[in-house]
There are 2 protein chains.
Amino acid sequence: MRTSDALGTALDRAGYAVTAPRRAVADLVEQRDGHFTALDLVTEARRRRLGVGRATVFRAIELFEELGLVERLDLPTGEHAYVVCEPVHHHHVVCQRCGRDAEIEDCGIDALAASIESNTGYLVGLHRIELFGLCPACLSQGGASRRPTSRSSD
Amino acid sequence: MRTSDALGTALDRAGYAVTAPRRAVADLVEQRDGHFTALDLVTEARRRRLGVGRATVFRAIELFEELGLVERLDLPTGEHAYVVCEPVHHHHVVCQRCGRDAEIEDCGIDALAASIESNTGYLVGLHRIELFGLCPACLSQGGASRRPTSRSSD
DNA sequence: GTTTTTGCAAACCATTTGCAGGGTC
DNA sequence: GACCCTGCAAATGGTTTGCAAAAAC
């Protein structure tokens, strides 16, 4: 969760109107600790009686995504979730228990891409890496017996 | 595309009835060259008048996925597609032009996981890596000017 | 003959869009 | 005041489910 109004500021800088509904959605997003779905925000907005409609929430998220302020994750279940993040290339480790996440800057893609290109003949462009596991908090709280789904060694 | 009836055999071995509709869906899947969506199969089944219903196609794919014979991809667009693959841990490079794919055995996750674990404190479990680019065929056919979306270096 | 599986239709869920009204710059 | 943004409701697209009939073992 951010302390500053990063999303509002970014909207402004990108030339988008900083309206009350967008601000409201930005607040909801910034108050989230882990990942969230669009519907989570819609529900939360309704619960708080913010008077922000479904469509507006979806449009605001789309805008934030466009600006690189949130990123879409595809959870192992196939669900689409979002996380707040910095607008630079990176990846996330997502806690399977609480949904919190950490950013990873160096995913070592260059070496991997090179090896793939020479092995398969494919030219590698985009990549997406998503890691799931347990965050430090859940690890210590859950005790040593709790392990994420086993990592296959490859 | 497979030459053998790998999916049918696998169903049998896993104790599922090898029925005509499942066989039909398996055929459709095996005849695919690149990735496909569930709806692609539904459409194709209808076009060929196989008499296989929507629900059956979805249920068959679900089954194949459970058996590790096909895998769900999340395309950059957010679309859910499937590819045929071996039931062992691996990843895919998907051609952004034609949808064909190649499997990658060694994604170098162990080194990455270790570095993440020491940097973030997260215990890494599952991971998902998806790469997009151009396959050799599209590369040569498209000429040197065609490049996939630029790869950010990280 | 009992258990699965199927097809159909309806239900569902997330997401998008059309549009008239309202707010912003 | 022109244009962008919003809410609503309806449309959409993908996926799932209930159920009675049909097929498999």
Side-chain angles (χ1 to χ4, degrees), chain A residues 7-29 35-67 70-83, chain B residues 5 7-29 35-67 70-82:
Chain A
L7 278 66
T9 311
L11 276 180
D12 199 21
R13 265 206 306 260
Y16 290 102
V18 182
T19 62
R22 283 182 181 161
R23 212 168 250 298
V25 176
D27 282 349
L28 290 179
V29 168
H35 55 58
F36 54 90
T37 65
L39 268 308
D40 285 343
L41 298 190
V42 172
T43 305
E44 182 66 13
R46 183 170 314 165
R47 201 181 61 73
R48 298 197 197 173
R49 286 166 225 289
L50 300 178
V52 177
R54 219 188 349 264
T56 302
V57 171
F58 277 91
R59 288 188 277 233
I61 294 177
E62 184 185 14
L63 206 52
F64 297 156
E65 193 182 7
E66 201 177 300
L67 298 177
V70 303
E71 193 169 298
R72 178 155 61 194
L73 296 180
D74 292 291
L75 303 184
T77 58
E79 247 184 312
H80 286 164
Y82 295 85
V83 288
Chain B
D5 179 25
L7 279 67
T9 311
L11 276 180
D12 199 21
R13 264 207 306 261
Y16 289 101
V18 182
T19 63
R22 282 181 181 160
R23 212 168 249 298
V25 175
D27 283 348
L28 290 178
V29 168
H35 54 58
F36 55 89
T37 63
L39 269 307
D40 285 343
L41 298 189
V42 172
T43 305
E44 183 65 10
R46 182 169 316 165
R47 201 181 63 70
R48 297 198 197 174
R49 288 167 224 289
L50 300 178
V52 178
R54 223 189 342 270
T56 303
V57 171
F58 276 92
R59 288 188 277 231
I61 295 178
E62 184 184 14
L63 207 51
F64 297 155
E65 193 184 5
E66 203 176 300
L67 299 177
V70 302
E71 192 168 296
R72 179 155 59 193
L73 296 180
D74 292 290
L75 302 184
T77 58
E79 247 184 311
H80 286 165
Y82 294 85

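In the text below, chain A, chain B and the rest are named by the order of the sequence lines, each starting its count at 1. This is a predicted model, so every value here is computed, not measured.
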Taking atom [atom2] of [N] as reference, at what distance in whole Å does atom [atom1] of [X] sit?
| X | N | atom1 | atom2 | value |
| --- | --- | --- | --- | --- |
| Phe64(A) | dC5(D) | CZ | C1' | 13 Å |
| Glu62(A) | dC5(D) | CD | C1' | 13 Å |
| Arg54(B) | dG14(D) | CZ | C1' | 10 Å |

Any side-chain heavy atom of [X] within less than 4.5 Å of one from [Y]?
| X | Y | answer |
| --- | --- | --- |
| Arg23(A) | Val18(A) | yes |
| Glu79(A) | Leu73(A) | no |
| Leu39(B) | Phe58(B) | yes |
| Leu41(A) | Phe36(A) | yes |
| Arg46(B) | Val52(B) | no |

Please list, in numerical order, the residues of residues 35-52 of chain A that have a heavy atom closer than 4.0 Å to any atom of DNA chain C. Ala38(A), Leu39(A)
Using heavy atoms to find the nearest nucleotide of DNA chain D for Ala55(B) and Thr19(A) separately, return the residue whose nucleotide is more 5′. Thr19(A)
What is the minimum heavy-atom distance between [X] and [Y], and which atoms define it?
| X | Y | value |
| --- | --- | --- |
| His80(A) | Thr37(A) | O-CG2, 3.4 Å |
| Arg22(B) | Tyr16(B) | NH1-CB, 3.8 Å |
| Phe64(A) | Val25(A) | CE1-CG1, 4.0 Å |

dist Asp27(A):CG -> Leu50(A):CG (nearest 0.5 Å) comes out at 8.5 Å
Phosphate contact (dC5(D) OP1 or OP2) by Thr56(A) side-chain N/O below 4.0 Å: no
Please determine whether a side-chain nitrogen or oxygen atom of Arg22(A) lies at a distance below 4.0 Å from atom OP1 or OP2 of dC5(D). yes
So the contacted stretch of DNA chain C, first to last nucleotide with an atom under 4.0 Å from a non-hydrogen atom of chain B, runs from dT5(C) to dA9(C)
Salt bridge (Lys or Arg N to Asp or Glu O under 4.0 Å) for Glu62(B) and Arg59(B)? Distances and angles first, verdict last. CA-CA 5 Å; Glu62(B) 184 184 14; Arg59(B) 288 188 277 231; over 6 Å; no
What residues 73-83 of chain A contributes to the DNA chain D interface at heavy-atom separation below 4.0 Å is none
Test log, rule side-chain hydrogen bond (donor to acceptor under 3.5 Å, both in side chains), inputs Asp40(A) and Thr43(A): CA-CA 5 Å; Asp40(A) 285 343; Thr43(A) 305; 5.7 Å; no
Counting any heavy atom closer than 4.0 Å, what does Ala17(A) reach on the DNA or RNA strands: base, sugar-phosphate only, or nothing? sugar-phosphate
